[in-house]
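Step one of this worksheet: look at the structure below.
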Amino acid sequence: MLKAELFNHFKRIYRLLPNAQKKTFILFIFFGFLTAIVQSFGIVSILPFVSAIADFETLLQNDFINNVYTLFHFTNQTLFIVFLAIVFIVLLLISNIFLMISIYMKLKTVKDLDQILSHKLFSAYLNYEYEKLLNFESNEIAKNVLNETQNFTQRFILSFLEMIIFTLLSISIITLLLIVDPITSIVMILVFVLFYGFLNSLLRKRLRIIGRQRSKETQKRFKLIDETLNTIKLVKIHHLEDRVLNDFDVQTESINKYNMQNGMMQQSPYYLMDFILILSLFLIIFIYRVQGLSFVEFVPKLSFFALAAYKLKPFVNKLYHGYVDLVFFQDSSEKLIEIMEDYRSPIVKHSSISFELNSIKLEDINFSYFNTDFNQLKQINLKILKNQIVGLTGKTGSGKTTLIHILMGLLKANDGTIILNNEPLNDDLLYAYQDKIAYVPQDVSLMDTSIKLNIAYGLREEEVDIERMKNAAKLACIDEHIDSLDLKYDTRVGDNGVKLSGGQRQRIGLARAFYRNPHFLILDEATNSLDHPTETKILNQLQQAHPDCMILMITHRIQSLNRCDWIYLLKEGQIIDEGSYDQLSQSNDYFRSILEDKGTPEESYG
C-alpha cells in the first residue's frame, strides 16, 4: 500500500515538471543505467586479476583471457598480471568517475527542481483568489515555501533520485553475482532482503507518525515566531520573554526529537550491515567448503564477492536511507503537491483597456464567505462620483472591510453588480479598474528598505520616478520630515517601519497611494493617527492636485465624516441609511451613537 502511494506521489510530481526538466530526468535515468554497467565491469574485472595470482595456468584455459594474452603478445606471467591489475584499476577509476558524474547530475537536478517547484508553490499562493488565500495562515505559507519546499527537494526528491541510481547499481551488481555463482548469490540476497524487510515492517508506521508530527511542530514554531514579532510590544511590557522562549524550546525539542529518531532509523542499519556482511562471507566460505572447492578455486570468487559486498553495502544503505526519507516526508510533501497541482499559470494582469473613471455604483450586492451560509453583506446599494468624498461608517463587525474588498475586486459578490460608468464590471475590465485604485489601510505595512522604495512600492530602484515620489511625499505632508533626515529618501524605515511613529507610517502609506495617481482612493481609517489640521491639509492638497479623484473614507472620526459629501451607514451587513453629515446626525439615532462612542477627536501621534 505504502509503495503504491509513493509511486503515485512520483507520477504526480513528474506531471508538475516542465518539459525540459522531464527530459533531464529521463537523461539522468539513462546515465544511471550506463553508470551501473560501468560499475559492473569494474567489479567483474577483479576475477581475472585474482585468478591470475592464484592459478595462472587455469586462468589461461578461459578462451577470452587466452585470446587477450595472445593478442598482446605477452611473454611472461608477471607482465600479464600487471596488465590485468592496470585494467582492474582503470575500470574501477572509470566506474567511480561515472558515479561522480551521476552524483553531479543528481544534485544539479535537485537544484533546478528546488528553483522550479518553490517558484511554482509561491506563485500558486500569490495567484490564488483572495478569498481562498484567507484560508491560509501567513506562517503556514512561509513554512511551506521556505522550509517544506527545501525538505521536499533536498530530502524527498533527492532520496527518490538516489533510489533510482542506487537501485540500478544494485541490480547490476546482483545480476553479476547471479551470473558468477547463482546459489551463493541467492543466499546472500536472501540475507539482505530479510534484514531490510524486517526493518521496514518494524519502522514504517513509526516513520509516518513522526514525519507527520515533525511537520505540525515545525508549523507551530513558525507561528510562534510570527505571532511573537507581531506582538513584541506586549511581550516586552508584560515581560513574557521567558514564557515565549519556553514555548519555543518545547517545540524545538520536539522537532529535534523527531529528526533524531529519523536519523537513528536511517543510520543504524549501516553499522548493523557490517555484521550482516561478515555473516554473509562466512556463509559463502561455508558453502564453498561444502561444495569441496579448493583454496585456489574459491579465493577468486571470494574476492569477487568481497568487492561486490564492499560496493553493494553503501548502495543498499543509500536505498534504505532514501526510503526512510520518503516515508518520513511523505505527508508534508503531499500538502505541497496538492497546492502545486492547484497551480494555474497566472493571467496577465496588464490590460490595454483605457477609460476615465467617472462613477462607481453597487447594485443589490450580496456576499457570504466560502462554506458559510451567513451573509456578511445584504442588498448593498451605493454610488461614488468623480470629485466626491464619500464616507462609510458603522460599528465594528458591520461589514465595512468586506465591502471594501468587493469594491477593490478582491472578493466577488454572490449576487448583484458593480457598475463603472454605466458599464458592468467584468473580468476584461477588472485589471484596468484595479490599476486606478489606491488603498491605504489603518495599519500600513512597510518593508525594511528605504523610504523611496516604500513610497514607490513594487518598483526597483532604477524604476522610481524621483519627482513623482517627492510630489507624493509633499501631498502626504511627510516631505519636511524626510528632508530633515541625513539620508533623506534613502533612509531605511526598519522592519515594518519600526523606526517611524504611527503618524509617519500612515503618511508614507498615503504617499504610496498618491504615487499611483489614483482615480479611486480608499482610506480605511487611514488618517486616525493624524491630527485634524494635517488630515484636512492632506485632503485639500489631494483634491487640488487630482480634482477628478473619487475618495471613499471608512472612518468613525467626527471631523472626517463632517468633511464627506455623502455618508453611508452600515449595520449588520446592510446600509440602513445614507445622507449628509447634518442629515444623519439629526435624524439617525444609530449614527449619533457612533459619534458618541467615538467621543472627542483624537490628538496627533506624530
Side-chain angles (χ1 to χ4, degrees), residues 130 349-367 377 379-393 399-413 415-441 468 471-472 475-476 509-524 526-527 535-536 538-555 560-570 575 577-581 583-584:
Y130 181 74
K349 297 187 178 181
H350 297 288
S351 175
S352 58
I353 298 174
S354 178
F355 66 96
E356 184 178 347
L357 188 60
N358 296 313
S359 66
I360 302 171
K361 187 192 296 185
L362 270 60
E363 290 187 347
D364 301 325
I365 295 292
N366 292 299
F367 177 80
L377 298 177
Q379 292 297 305
I380 298 294
N381 290 276
L382 64 79
K383 187 174 183 179
I384 308 171
L385 299 175
K386 182 167 63 174
N387 196 22
Q388 187 180 48
I389 300 179
V390 172
L392 179 65
T393 192
K400 299 187 298 296
T401 300
T402 303
L403 181 53
I404 292 169
H405 290 160
I406 287 184
L407 270 168
M408 292 192 293
L410 296 177
L411 296 176
K412 291 186 177 180
D415 301 298
T417 310
I418 299 176
I419 298 176
L420 309 178
N421 304 342
N422 299 318
E423 291 289 333
L425 176 62
N426 53 38
D427 290 340
D428 293 332
L429 277 175
L430 179 61
Y431 299 123
Y433 166 60
Q434 287 176 329
D435 281 340
K436 298 179 183 298
I437 298 173
Y439 169 63
V440 187
R468 185 171 168 179
N471 286 335
L475 285 175
L510 288 165
R512 176 187 291 171
F514 300 158
Y515 184 86
R516 296 183 59 84
N517 292 328
H519 291 214
F520 179 27
L521 176 63
I522 301 174
L523 303 177
D524 184 4
T527 58
E535 179 190 48
T536 301
I538 290 173
L539 291 175
N540 286 339
Q541 291 183 160
L542 174 64
Q543 288 189 304
Q544 289 174 8
H546 302 284
D548 292 336
C549 181
M550 55 182 71
I551 301 173
L552 176 65
M553 293 186 71
I554 296 86
T555 183
S560 302
L561 289 170
N562 199 13
R563 183 183 177 89
C564 295
D565 300 305
W566 201 252
I567 299 170
Y568 290 93
L569 185 58
L570 200 62
I575 292 178
D577 206 348
E578 60 179 283
S580 68
Y581 178 86
Q583 290 171 339
L584 292 176

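Owing to the predicted nature of the structure, the values given are computational and were not obtained by experimental measurement. We number each residue from 1, following the sequence as shown.
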CD1 of Ile575 to CG of Leu362, rounded to nearest 0.5 Å, is 8.0 Å
Closest heavy-atom pair, Met408 versus Ile522, reported as atoms and distance to 0.1 Å, is CG-CD1, 3.4 Å
Between Tyr433 and His519, is there a side-chain heavy-atom distance shorter than 4.5 Å?
no
Practice prompt. I would like to know whether Asn421 and Leu357 meet side-chain contact (heavy atoms from CB on, under 4.5 Å); could you show each step before the answer?
Written response: CA-CA 7 Å; Asn421 304 342; Leu357 188 60; 4.2 Å; yes
When rounded to the nearest 0.5 Å, the distance separating OG1 of Thr401 from CG of Leu392 is 9.5 Å
d(Ile554 CD1, Ser560 OG) to nearest 0.5 Å is 11.5 Å
So, do Ile418 and Lys361 sit near enough that their side-chain heavy atoms are less than 4.5 Å apart? no
The side-chain hydrogen bond (donor to acceptor under 3.5 Å, both in side chains) partners of Glu356 (sequence neighbours excluded) come to Lys386
Determine whether Asn358 and Asn422 satisfy the following criterion, side-chain contact (heavy atoms from CB on, under 4.5 Å), listing intermediate values before the conclusion. CA-CA 9 Å; Asn358 296 313; Asn422 299 318; over 6 Å; no
Applying side-chain contact (heavy atoms from CB on, under 4.5 Å) to Glu578 and Leu382, what does each step give before you reach the verdict? CA-CA 9 Å; Glu578 60 179 283; Leu382 64 79; over 6 Å; no
Minimal heavy-atom distance between Leu561 and Ile567, with the atoms involved, is O-CD1, 3.4 Å
**Message:** If you define the side chain from C-beta out and look only at heavy atoms, does anything of His546 sit under 4.5 Å from Asn517?
**Reply:** yes
Minimal heavy-atom distance between Ile437 and Pro518, with the atoms involved, is C-CB, 4.4 Å
- prompt: Within the distance-only criterion (no hydrogens, no angle test), does the side chain of Gln541 pair as donor or acceptor with the backbone N or O of Leu475 below 3.5 angstrom?
  reply: yes
Separation between CG (Leu411) and CD1 (Ile365), nearest 0.5 Å, reads 11.5 Å
On a heavy-atom basis, the closest approach of Leu521 and Ala513 is CD1-CB, 3.8 Å
Closest heavy-atom pair, Leu429 versus Phe355, reported as atoms and distance to 0.1 Å, is CD2-CE2, 4.0 Å
Given the options Ile384, Leu542, Val390, Ile551 meets side chain to side chain contact (heavy atoms under 4.5 Å, CB included) only with Leu542
Donor-acceptor contact below 3.5 Å, side chain Thr393 vs main chain Thr555: yes
Side chain to side chain contact (heavy atoms under 4.5 Å, CB included) with Ile380: of Leu407, Asp364, Leu403, only one passes, and it is Leu403
Between Leu430 and Gly409, the two heavy atoms sitting closest are CD1-CA, 4.0 Å
More than 12 heavy atoms from other groups under 6.0 Å of NZ on Lys436:
yes
Distance col, row Leu420:CG vs Ile360:CD1, nearest 0.5 angstrom, shows 6.0 Å
Notebook entry, point to check: Got more than 12 heavy atoms from elsewhere within 6.0 Å of CZ, Arg468?
Noted result: yes
Output for pair (Arg516 CZ, Asp435 CG), nearest 0.5 Å, gives 6.5 Å
Using a 4.5 Å cut-off on heavy atoms from C-beta on, say whether the side chain of Ile538 contacts that of Phe514. yes
Sequence neighbours excluded, the answer for ring pair (Phe, Tyr, Trp, His ring centres under 6.0 Å) partners of Tyr439 is none
